[in-house]
J.: 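First the structure, then my questions, so here it is.
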Amino acid sequence: MSHNIIKSRFGAKQQSPFYYMGNHLFTLKLFSGIIGLSNTRRLGGIAPTVVFKLLCILAIFVTTNLEIFLSLFKFREVNTNNLSALANNQLWFSSLNDFNDPFEGAHIKDHHINIDELTNFECKIKDEVGVEEYNKILSELELVDGKYAQTELFKKFAEHDLDKFISIVHNSKVICFSMEDETKNPLTNNLMWSHYANGLRGFCLVFNGDELLKDLFKSTKESMRPIIVEYKDKPNILKLNEFIHSEGLYSNSDINFVQKVTETIATKSTDWEYEKEFRVMSLNQESFHNYSPSSLKEIVIGDKMPEAERNLLLKIVSGLCKNILIKTARLQNNSYKIEIV
């Protein structure tokens, strides 16, 4: 399809850049802002390279601030998959649907758009896009020919785009770690050992955060985005009116909606605050990603791990980098605390 179905009344005579949405090829111009997205393969709806580029920019920004933490902690149970991944210097990225938080990705949508802005767009006649394509578009947007206003059509397009945008982020692969800070060490957190390492019967991998992220970024051509999880009492709000003004989408404003959508998988209830979670989001759909053995600094073994499993784990570790430290997490006498020795 070589024609647009929506155009702005502003500068309509100018040659316009174009933008993929689903099976549609169209142009949107909002006020004086003109943003063009490259003609690339489609992923869901929005042109994927644009999202990749913006996520890369965010990744670079966060990566330059890794001094805020020195280590990343990955708690593991002893099972075939986890031991195999350790032996092969691999980490498993999961789908959000597989996580244990039932509110994963929760957000609130505000569908309001200022009516004055909606009137800045007009619909081109269906003959210019072809009757078949025109009807297919209307069907996808659940509209009936001749029974919609042009403002309704644009709002439907914007809502459709927003849903596609959210889908790209929420269908990404993610791996979760815990962070250390000046006040709390994940290795002495009772809940982390209980929930993610089988009650001190598992182990914890301690990575050099800077080195690990460099390894992960090198492991794929698609973008990866580091995320420090925030903990709040209410889900984030995604406003449709902000979306149509967002950077790199409908206008040239400085609203970064990539950041806002990413924050929906970077925000959790305060109930989870004890995890001090750090995530890496990947647009690569592969589950396993490799890291260099040198990025693994320590392996902390739970004191309740059965001896046979401990011996197997130590045998695997002996084949890895020789500089990896082996420590034990055990119950501290006469207390409810865990100590590392």
Side-chain angles (χ1 to χ4, degrees), residues 38 40-41 43-44 46-76 81-96 98-99 168-180 186 196 203-229 248 256 258-259 261-263 265-266 276-300 316-325:
S38 60
T40 62
R41 64 183 178 85
L43 175 61
I46 292 177
T49 52
V50 176
V51 179
F52 293 168
K53 180 179 179 181
L54 292 175
L55 288 174
C56 278
I57 293 172
L58 291 171
I60 292 171
F61 172 78
V62 177
T63 307
T64 59
N65 291 276
L66 290 178
E67 292 79 6
I68 60 175
F69 57 86
L70 299 177
S71 300
L72 292 176
F73 302 80
K74 186 66 176 174
F75 289 84
R76 302 274 71 183
N81 290 334
N82 290 336
L83 294 178
S84 175
L86 176 61
N88 290 287
N89 303 307
Q90 293 178 322
L91 288 171
W92 175 270
F93 283 64
S94 302
S95 300
L96 292 180
D98 296 331
F99 287 173
I168 289 174
V169 174
H170 284 204
N171 287 330
S172 61
K173 295 280 191 174
V174 177
I175 187 169
C176 307
F177 302 90
S178 285
M179 298 186 301
E180 65 176 347
Y196 300 106
F203 59 98
C204 182
L205 305 176
V206 184
F207 292 95
N208 178 304
D210 185 38
E211 293 300 319
L212 177 63
L213 290 186
K214 289 178 181 177
D215 289 340
L216 292 178
F217 293 157
K218 292 177 183 177
S219 70
T220 176
K221 295 180 179 179
E222 283 79 19
S223 292
M224 286 196 177
R225 197 264 202 236
I227 298 169
I228 297 177
V229 174
N256 189 333
V258 173
Q259 175 73 11
V261 174
T262 304
E263 285 173 357
I265 65 168
K276 292 196 62 65
E277 189 172 348
F278 178 91
R279 294 180 165 185
V280 179
M281 168 185 142
S282 174
L283 293 178
N284 186 316
Q285 291 301 300
E286 294 294 327
S287 295
F288 281 112
H289 291 273
N290 290 88
Y291 59 87
S292 60
S294 60
S295 67
L296 181 58
K297 301 193 304 180
E298 301 175 12
I299 296 181
V300 183
I316 292 173
V317 175
S318 67
L320 304 176
C321 180
K322 295 180 179 180
N323 295 326
I324 297 175
L325 298 177

J.: Please report the interatomic distance OG(S294) to CD1(I324), rounded to the nearest 0.5 Å.
T.: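 If I round to the nearest 0.5 Å, the distance is 9.0 Å.
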J.: Show the nearest heavy-atom pair for residues P186 and M179, with the distance to one decimal.
T.: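 Taking P186 first and M179 second, the nearest heavy atoms are CG-O, 3.1 Å.
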J.: Once you round to the nearest 0.5 Å, how far does CZ of R279 lie from CG of L72?
T.: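 Answer rounded to 0.5 Å: 14.0 Å.
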J.: What's the spacing between L320 CG and S292 OG if we round to 0.5 Å?
T.: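 With rounding to 0.5 Å, CG (L320) is 11.5 Å from OG (S292).
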J.: Tell me, with the steps shown, if F288 and N88 meet side-chain contact (heavy atoms from CB on, under 4.5 Å).
T.: CA-CA 10 Å; F288 281 112; N88 290 287; over 6 Å; no
J.: Should the pair F177 and F207 be assigned to parallel (<30°), tilted (30 to 60°) or perpendicular (>60°) ring geometry?
T.: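 Taking F207 first and then F177, their aromatic rings stand perpendicular (interplane angle over 60°).
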J.: Given side-chain contact (heavy atoms from CB on, under 4.5 Å), test L216 with F93 step by step and report yes or no.
T.: CA-CA 11 Å; L216 292 178; F93 283 64; 4.2 Å; yes
J.: Please lay out, stage by stage, how S178 and Y196 fare under the test side-chain contact (heavy atoms from CB on, under 4.5 Å).
T.: CA-CA 11 Å; S178 285; Y196 300 106; over 6 Å; no
J.: Taking CD in Q285 as the centre, count heavy atoms belonging to other residues, nucleotides or ligands within less than 6.0 Å. Is the count above 12?
T.: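 Above 12, so yes.
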J.: Taking H289 as the fixed residue, which of M224, K218, Q90 is the one that meets the side-chain contact (heavy atoms from CB on, under 4.5 Å) rule?
T.: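 So the option named by the test is M224.
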J.: Hey, what do you get for NZ (K173) to CG (L96), rounding to the nearest 0.5 Å?
T.: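 Separation between the atoms: 10.0 Å.
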J.: Check step by step if side-chain contact (heavy atoms from CB on, under 4.5 Å) holds for N208 and Y291.
T.: CA-CA 11 Å; N208 178 304; Y291 59 87; over 6 Å; no
J.: CG of N81 to CG of L86: how many Å apart, nearest 0.5 Å?
T.: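 One gets 12.5 Å once the value is rounded to the nearest 0.5 Å.
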J.: Find the distance between CG (N89) and OG (S295) and round it off to the nearest 0.5 Å.
T.: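 Here the interatomic distance stands at 7.5 Å.
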J.: Indicate the atoms forming the closest heavy-atom contact of T262 with R225, along with that distance.
T.: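 Shortest heavy-atom contact: CG2-NE, 3.5 Å.
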